[in-house]
Each structure stands twice: as C-alpha cells, then as structure tokens.
Amino acid sequence: MDNAAIAGILSEIADLLEIKGENPFKIRAYRNVADIASNHPHHLASLDETSLREIPGIGKDLAGKIREIATTGDSQFHRELLAEFPPSILEMMRLQGVGPKTVAMLHRELGVQTIDDLQRAALDGRVRAIKGMGPKKEALILKAIEERKSSVGRHLLSAAQDIANAVVALLQERFPAATITPVGSLRRGCDTCGDIDILAAGADQTIMDAFVEHNLVERVLARGDTKSSVLLRGGVQVDLRLVPADSRGAALQYFTGSKAHNIALRDRAIGLGFKLNEYGLFRIEGDERVASATEEEVYEALGLAWVPPELREDRGELDAATDRVLPTLITREDLRGDLHTHSTETDGRNSVGDMAIAARGSGLEYMAVTDHSQSLAMANGLDESRALAHAARIRALDGQHGIRLLAGIECDIRPDGTMDLADDCLAALDIVVASVHSAFNQDRQQMTDRILRAIENPHVDIIGHLTGRMILKRSGYPVDIEAIVNAAARHGVALEINSQAYRLDLNDVHARLARQRGVNIVISSDSHSRDAFSVLRWGVMVARRAWLQPGDVLNTLPFDEFRSQLRRNRR
DNA sequence: GCCGTTTTCGGCCCGACTGTTTTCAGTCG
C-alpha cells in the first residue's frame, strides 16, 4: 500500500463526505491528510500509530484509519460511504462548475449516477426542472461534459510556462505600465499546472476586455472587473486577476499560494491580530492596512523573512522564515556542468562537438557525454568496444571548444541488477550514470533490489532518473526510495535530478529526503540535441523546491573539484 | 477530524463570479 493509494482513499472519503454535506472542517481534515500522504517522503504504511500521530494534521482517528488502510487495503468507513453513493458519481464532481451540492441534488432528484446519465438528463431538459437549476446551468453542464470528454487535464510546467509567457507578452504590450506576472503553481515551479494564473497590478479594467477577447481564447468562462477566466484553444484554462498597484505584494502572495501555505500564513496573521487577503495585511482592530505593496513587507509584518515561492508548500518554511534560517536556493547560474547528454553515436541528434559548443554557449564549463549502452538496441546502444572507441574520440575533443569533456556512459541496469557493460569497460570511463530502461513491471522488492545492486557496483557514480516516471503519462515504477537513498549515502553514489520536463525525476520530495540523508545530488539535462540545454532550468526548479543550496549539488563545483568528488575518484 | 503561551470546547482562510434569486447558495481558486 503506497502513499498515493492511501491518499486516494482518504481523498475519496473527503469527496463523499462533501456530497453528504458533512461538517466542512471534518472534510478539510481528510483532504489535508490526503495531501500529507501524497507528499510525504516516508512510506506511511510502515509507520506505527505513535509515529503517525507525530505528523501535524494526523490525530487519533486518522492515524487509526491509515493503519487500517495499510493493513487491510481499505477502510470500513470508506466502504460504508461507497454503499450510500455509487463511486461513479465522484467523476461528476470533476466537471467544471459542478460541485458536491449539485452532485448530491442530481443524484437525489434524478437518480443520476454517471456522467453519461447526467448528459442524457441535461439533453432531456430534466436538469432545469430542479429547483435552483435553470437553462443556463443546464447548458453549462453540457459544455463541461463536452470539454471533459476532450480534456487534457493538467499540463507540464514547461508547456504552461510557454503559454503564460505568450499571454503575459500580449497583455504587457497593450498595458506597458502595468506589472503582469504569472502566479500560482507556475510561480512555485510545480511539475504540472492545472490552470494558469496571471496577476495584473496597476492596469485599468479594460485589461479584462483585452484578456477575454484575444485570439487564443476559445471560450470565456467568467468575466468580471477584477477576475476573469478563459479557456484557450488546446484546452488550457487561464485566470487573470487585477488589483490596484499598491496591493501588488499582497496579491502576489495571495495568488501564488499554495493553499496550505496561505492557510498557515493567514492563521498566523489572525494569531497576531491581523487579517490577510489579496489587498493587504490589515489590523483586525480598526481595519488599518499595515502592508501590501511588496511581498517582503507582508512577510516582514508577520515577523517572517520573505519566503521564495518554490518553498511555499507548508513543509516547514514558515518556521524557517521565523528563525531566519531559510536556505539560499540554488540558481541556474550556479551550475557549471552537465552530466547526462547524448550524441549521434546513439540516439542523440547532434555530434559530440556540436553538443560541446552548445553546452559552452549555455554557460557550462564541463559536460559528460553519456550515450546509451548495448541493451538499448532501439537507441543503437554501445557495446564495450564501441564505448571505449567513443570515449577516445570524446577525450580527443576535451577542451577543444572551450569546455572540458568527460567520456561517460548511461549504462542500463539489467533486470537482475547487473550492469549492461563489463566492469573493466566501466572502470576505463570517466563517469558512469546507471539507469533503468526495461522491465518496468517488476514488483517493488525486485526493483529495489535491482537498483541497490547497481549502487553496490563500485563503477557506478550516479543513478539516473530514479523512478522512471513520465509525468502525465505513467507513474514511476514502485520502489523503496528510502532504502535506495540510504544505500546511495553509504556508497557515495549521487542521485540525478533529470531536468526533462516530462521526467523531473528525482522529484522535489525525494530530492529533499536524499539531501537530508547526505546524498550528493546532480542536476542533468539528459539532452538529446544541442538546443536542449535550456531544460536545466526545470531541474533547478525541482532542486529549489527541494530546498537545495549550491553546495548540495555536485555539478556546481569547478571541474577539478567536481572530478575529485566523483565516487570513482574518492578514497 | 484536529488542535490548544487565551481554550479539552469551540474555534477552524478569504473573496470573486455566476445563476437563480429578490438576498443568496454554490463553485472555484
């Protein structure tokens, strides 16, 4: 029973309680714990009741439920709720504009159980007959069903950033004096975004016209004087909020979130006799505004250091901000090397020389060429003799383009945990990244043992994309992260943050855990072409969300120092 | 359901927009 499965059941309980119209704070407690479960670095199923109760938000009751789910695979309470409502009605709650009250009413009044039922009821005009509903609501539901059926759901950080940039540029051109900024999960650097939030400060209200009328818009979901939402062609929702210029700091804070961070922050504000909203920080007595123009002011007035957006997840950042011990987060400029790249020798699109020139152009001082090993036949993977010949050619180019090169390999970890190339070959290279590319269907224990065996091989320096996840396509294979992190720490093996936008693997939670256990982290591009080095910024974003400082990441070191810190060169 | 340098009971973040309403409930973020 992994954390995601536990979170799934708890969150379904929350949904069902909501449909029942239960106490909203009870619902929040369940949702809160579902969030905790899905982001927790440790395997909750392996914790006893006492350890569970040490986690804030988990009390006696929920600790018991988690234990029950861990041992039996489900909870009695959950089964009882599902007996009252068919599970298929939960799908209806995901429709835009349809919430728990509407679902409950549709179920009660019309016996609707599935989205298809609902669509038929709306087409028959039965929905509008219910008290509180009307023709517009009915049309809205049909539209939402249509969009749902063709929906794309969430979006990769990289794609969301491109769209946000386009919308911001378009608005900025029309309103040059306004300050227009992407906020929300995009500003926090989350690996995916549901919708895109943009904040405008100091523009007049005609910016809303410009926003809802521009040519990327497919449909206007809401149009107000300070808030509008549109659906762009391609299915991305974008929200624009407008605030006065002197509220910009408070609004930035408010709309950047996360929800959990904001709740904790407003709770703190209340405790200090303040109220915090998007217009400012106000004294409850007398309503005097004490901060609003900048985020720094708002945090400072609450006795806190300014918290970088990437840390705003209620994962300890408020305590650190109180004690003024927030980390100095790594930036893209801190990276001096890239340790995972491919060339035309296997499945890359550009030669080693062209890759070197591009890496130098991206400001890097060294680059490891790590083409694939033989079992990746599809990618024309290298056997021992080709690997060594390739290494010789790479070394001949070392320093030729103003950049130091390392002759390496991305060596497959075979299903049994042995390496895909002979030890003497791996020993003759400058750097070895070991990765899993096959037999993803192994169970948790097999996969864990497999990777542990790779870590024990003395020629392995780095484990690449540890969980194999493909964001929005497949979750990573099941693996005991904690066991691997501990082994990596013991053997001096570094763990990679793969910067490809669809990988970002390690993720933020795992990377933070690894660093806490003393594991060296590297940030690599996994570039397959010369224009791909820009993805390093996504890897850096993950590292920042993991609280990493430059000193936590090996490839911020100058070349010679970096080499001396590689596992193979340490003694 | 959780939590406690005000509390073991009584709190629990905050506001905008829409549709169906004549003052508000539901939804969303």
Side-chain angles (χ1 to χ4, degrees), chain A residues 10 13-14 17-19 21-34 36 52-66 75 77 92-106 127-141 143-144 183-188 193-199 205 208 212 220-230 237-243 247 250-251 253-282 284 302 314:
Chain A
L10 293 171
I13 291 176
L17 290 175
E18 221 174 356
I19 292 170
E22 269 276 7
N23 175 356
F25 299 106
K26 182 174 173 176
I27 294 160
R28 182 198 289 175
Y30 275 94
R31 247 188 240 306
N32 188 27
V33 176
I36 290 171
L52 283 171
R53 291 200 57 179
E54 280 168 12
I55 301 171
I58 300 183
K60 185 173 187 331
D61 192 278
L62 278 165
K65 292 239 171 31
I66 292 173
S75 129
F77 186 46
M92 284 192 274
M93 276 213 349
R94 315 271 172 264
L95 294 171
Q96 173 86 36
V98 177
K101 302 287 186 228
T102 311
V103 168
M105 189 158 61
L106 290 166
V127 170
R128 70 177 74 183
I130 303 176
K131 185 155 162 274
M133 303 291 241
K136 281 199 176 177
K137 192 77 188 172
E138 196 174 70
L140 217 70
I141 287 173
K143 194 82 192 172
V183 287
S185 50
L186 194 52
R187 182 161 180 244
R188 300 200 310 280
C193 300
D195 52 21
I196 294 170
D197 299 300
I198 295 174
L199 175 70
Q205 289 176 359
M208 289 298 167
V212 301
V220 180
L221 298 170
R223 159 67 165 91
D225 291 339
T226 66
K227 175 183 179 181
S228 296
S229 297
V230 298
Q237 182 180 328
V238 187
D239 298 345
L240 177 67
R241 292 294 305 246
L242 173 64
V243 297
S247 290
Q253 196 293 309
Y254 189 98
F255 295 117
T256 296
S258 66
K259 191 171 188 162
H261 175 86
N262 280 4
I263 288 175
L265 197 65
R266 282 173 227 154
D267 193 44
R268 183 186 180 91
I270 289 170
L272 294 168
F274 295 111
K275 182 181 73 164
L276 179 61
N277 61 28
E278 63 262 57
Y279 301 111
L281 182 69
F282 300 85
I284 292 174
L302 292 168
D314 195 22

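Nothing here was measured: the structure is a model prediction, and the numbers come from that model. Note on naming: letters A, B, ... go to the chains in the order of the sequence lines (proteins, then strands), and numbering restarts at 1 for each one.
Across all strands, A:P100 comes closer than 4.0 Å only to sugar-phosphate atoms, never to a base (heavy-atom distances). The residue A:L242 sits apart from the nucleic acid: no heavy atom pair falls under 4.0 Å. Using a 4.0 Å heavy-atom cutoff across all strands shown, A:L276 reaches sugar-phosphate atoms only and no base atom.
Going from atom CG of A:L62 over to atom P of B:dC2 covers 4 Å, rounded to whole Å. Taking atom CD1 on A:I270 and atom P on B:dC3, their separation rounds to 17 Å, with Å as the unit. Between the P atom of B:dC2 and the NZ atom of A:K26 lies a distance of 10 Å, rounded to the nearest Å. The separation between A:K101 atom NZ and B:dC24 atom C1' is 14 Å, rounded to whole Å. Nucleotide B:dG29 holds its C1' atom 15 Å from the CD1 atom of A:I198, rounded to whole Å.
Residues passing the salt bridge (charged side-chain N to carboxylate O under 4.0 Å, His left out) test with A:D267, sequence neighbours excluded: none. Every residue was checked against the salt bridge (charged side-chain N to carboxylate O under 4.0 Å, His left out) condition with A:K101, not counting sequence neighbours, and none meets it. Here A:R241 pairs with A:E278 under the salt bridge (charged side-chain N to carboxylate O under 4.0 Å, His left out) rule; sequence neighbours left out. Residues satisfying the side chain to side chain donor-acceptor pair (under 3.5 Å) criterion with A:T102, sequence neighbours excluded, are absent altogether. Partners of A:R94 under the salt bridge (charged side-chain N to carboxylate O under 4.0 Å, His left out) rule, at least two apart in sequence or in another chain, are A:D15. Under the side chain to side chain contact (heavy atoms under 4.5 Å, CB included) criterion, A:S228 pairs with A:M208, A:F211, A:V212, A:R223, not counting sequence neighbours. Under the side chain to side chain donor-acceptor pair (under 3.5 Å) criterion, A:Q96 pairs with no residue at all, not counting sequence neighbours.
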Please set out all donor-acceptor pairs under 3.5 angstrom arising from side-chain atoms of residues 256-263 of chain A, sequence neighbours excluded.
| from | atom 1 | to | atom 2 | distance (Å) |
| --- | --- | --- | --- | --- |
| A:T256 | OG1 | A:R187 | NH1 | 2.7 |
| A:T256 | OG1 | A:L252 | O | 2.6 |
| A:S258 | OG | A:A260 | N | 3.4 |
| A:S258 | OG | A:H261 | N | 3.2 |
| A:S258 | OG | A:R312 | O | 3.0 |
| A:H261 | ND1 | A:E317 | OE2 | 2.7 |
| A:H261 | NE2 | A:Y299 | OH | 2.9 |
| A:N262 | OD1 | A:Q253 | NE2 | 3.0 |
| A:N262 | ND2 | A:Y254 | O | 2.8 |

Using nucleotides 4-11 of chain B, report all nitrogen or oxygen pairs with the protein that are shorter than 3.5 Å.
none

Letter by letter from the 5' end, nucleotides 15-23 of chain B scores (B base, S sugar-phosphate only, - none; protein heavy atoms under 4.0 Å) SSSSSSS--
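The salt bridge (Lys or Arg N to Asp or Glu O under 4.0 Å) pairs that include a residue from residues 53-65 of chain A are A:D61-A:K65, where partners are two or more places apart or lie in different chains.
Proximity of residues 255-264 of chain A to DNA chain B (heavy atom under 4.0 angstrom from any strand atom) is restricted to A:K259, A:I263.
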